[in-house]
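The structure appears right after this line, and notes come after that.
Nothing here was measured: the structure is a model prediction, and the numbers come from that model. FYI, the numbering just counts along the sequence from 1. Every heavy atom of this structure was used, including side-chain atoms; hydrogens, water molecules and symmetry mates were not.
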Amino acid sequence: MATSLQNVARLLQRISPSVFCPLLTRQLCLQRVTARAWLAPPPLVPPIRPFCKATALEDDNTTQAFEELSRYKDKPWEYLESEEYTELYGSNPVWAGYRRNHKGGIPPQKTRKTCIRGGKTCGNPCPVCRDPNIIIHHQNVKLLQQFISPHSGVVYDPTRTGVCMKQQKRLNQAIHMARDHGLLPFQIAHVEFTGEVYSNSHDAVGFTQPPPLSGETWYKWYGQLIPDEKEVAKIKKLYKPYLK
């Protein structure tokens, strides 16, 4: 049916082009106008204010939480001094009492590579990934001190703290940078020197003695050595052709 109507329209157009040409141009103009209307951006619509108090409170809470996250993002060391941190952790470090989810009673030798993959968080993430307010930074000294042994200055192994390998790498970089900037001290083992010279304490290490008299050994300690008779017999048998 549609093909027959198209054929009739073509025949009429050939017969009287002065009548059908304006109609076709008008149809094309209308198609262009509708296409522009679809592509045009929508007009500005005023924001809809929720009339429900519950939704308004939820929006306020989300905005407040976003402001807190942004505030701690700029200054992450303020979170460790806030009341929220003391309520969650108290005086303990962030990794105290953490236990990773694993099969069996024996934990694996290595922690997981990362806790967040493709926007999906694993079950029971590590102490750094589970709290978004904990941000690793070289100026966040109180947080970095929780992962350093106060006695030896060695960084704790991730198997003890439970931190994933990705966050452990960030911790190591932040600790090295903090030490370079002078925010964390370098702990070097103290060695007491008595002032004695140990290089010449032994006869074989010190200066060469003059040749001894007949019947005496070159070094005193050489005469105290008692060789094994079996080993001496093996060496004599091995070098028998060369001995006189």
Side-chain angles (χ1 to χ4, degrees), residues 61-199 201:
N61 293 331
T62 52
T63 53
Q64 187 177 1
F66 180 75
E67 289 177 358
E68 289 180 357
L69 286 172
S70 63
R71 180 165 60 88
Y72 292 139
K73 187 177 181 180
D74 297 335
K75 299 178 180 179
W77 49 88
E78 291 184 355
Y79 175 64
L80 276 76
E81 300 175 356
S82 62
E83 296 179 357
E84 184 181 358
Y85 177 82
T86 54
E87 290 177 359
L88 290 174
Y89 305 101
S91 60
N92 299 323
V94 295
W95 51 268
Y98 173 78
R99 185 179 184 277
R100 176 187 168 186
N101 291 341
H102 57 82
K103 294 181 180 180
I106 301 173
Q109 295 182 356
K110 293 183 180 180
T111 57
R112 60 173 69 94
K113 292 183 179 180
T114 180
C115 299
I116 303 170
R117 293 182 180 179
K120 294 182 180 180
T121 308
C122 64
N124 194 13
C126 72
V128 179
C129 294
R130 67 183 176 183
D131 195 347
N133 293 325
I134 295 176
I135 300 171
I136 297 173
H137 196 270
H138 69 276
Q139 294 181 356
N140 197 357
V141 180
K142 290 185 177 180
L143 178 65
L144 300 179
Q145 287 177 347
Q146 296 180 3
F147 296 90
I148 301 173
S149 175
H151 307 290
S152 61
V154 179
V155 182
Y156 287 136
D157 194 78
T159 54
R160 179 177 181 180
T161 58
V163 179
C164 63
M165 301 306 295
K166 183 178 180 180
Q167 298 295 344
Q168 184 68 25
K169 186 177 180 181
R170 292 180 179 177
L171 278 169
N172 294 333
Q173 291 176 356
I175 289 168
H176 287 305
M177 190 178 293
R179 285 174 175 171
D180 291 340
H181 285 75
L183 302 175
L184 288 175
F186 285 94
Q187 293 190 4
I188 303 172
H190 178 68
V191 179
E192 294 183 359
F193 295 97
T194 58
E196 298 180 4
V197 180
Y198 296 97
S199 61
S201 62

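Residues forming a side chain to side chain contact (heavy atoms under 4.5 Å, CB included) with A174 (at least two apart in sequence, or on another chain): I136, L144. Among residues two or more places apart in sequence or in another chain, the ring pair (Phe, Tyr, Trp, His ring centres under 6.0 Å) test is passed with Y156 by W95. Listed by chain and number, the residues in a side chain to side chain contact (heavy atoms under 4.5 Å, CB included) with S152 are S149, V154 (sequence neighbours excluded). Taking T121 as the reference, I116, P125 meet the side chain to side chain contact (heavy atoms under 4.5 Å, CB included) condition, with sequence neighbours excluded. A search for side-chain hydrogen bond (donor to acceptor under 3.5 Å, both in side chains) contacts involving T114 returns nothing, not counting sequence neighbours. Checked against side chain to side chain contact (heavy atoms under 4.5 Å, CB included), Q187 has no partners two or more places apart in sequence or in another chain. Annotation: ring pair (Phe, Tyr, Trp, His ring centres under 6.0 Å) contacts of Y85 (sequence neighbours excluded): Y79, Y89. Take H181 and apply the ring pair (Phe, Tyr, Trp, His ring centres under 6.0 Å) test, not counting sequence neighbours, and it matches H138.
When all heavy atoms of P132 and I135 are compared, the closest pair comes out as O-CG1, 4.0 Å. Closest non-hydrogen pair, C126 versus C115, comes out as N-SG, 3.3 Å.
A donor-acceptor pair under 3.5 Å links the side-chain atoms of T111 to the main chain of V163, judged by distance alone. Side chain of H151 to main chain of G153: no donor-acceptor pair is present (N/O by atom type, distance under 3.5 Å, no hydrogens or angles).
Within the model, atoms CD of E87 and OG of S82 stand 9.0 Å from one another, a figure rounded to the nearest 0.5 Å. Taking CG from N92 and OG1 from T86, the interatomic distance works out to 12.0 Å, rounded to the nearest 0.5 Å. Put simply, OG1 on T159 and CZ on R100 are 11.0 Å apart, with the number rounded to the nearest 0.5 Å. Here Y72 contributes atom OH and E78 contributes atom CD; the two are 7.5 Å apart, rounded to the nearest 0.5 Å. For the atom pair L183 CG and I175 CD1, the distance stands at 12.0 Å (nearest 0.5 Å).
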Residue pair K113, C164: steps toward the side chain to side chain contact (heavy atoms under 4.5 Å, CB included) verdict:
CA-CA 6 Å; K113 292 183 179 180; C164 63; over 6 Å; no
Under the side chain to side chain contact (heavy atoms under 4.5 Å, CB included) criterion, do N140 and Q145 qualify, and how do the steps go?
CA-CA 9 Å; N140 197 357; Q145 287 177 347; over 6 Å; no
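Listed by first and then second residue, the salt bridge (Lys or Arg N to Asp or Glu O under 4.0 Å) pairs involving residues 123-148 are E81-K142 (not counting sequence neighbours). Residue pairs meeting the salt bridge (Lys or Arg N to Asp or Glu O under 4.0 Å) criterion with at least one partner in residues 88-99, sequence neighbours excluded, are absent. Pairs engaging residues 149-175 under the salt bridge (Lys or Arg N to Asp or Glu O under 4.0 Å) rule: none recorded [sequence neighbours left out].
In this structure the side chain of M177 never reaches within 4.5 angstrom of the side chain of N172, judged on heavy atoms.
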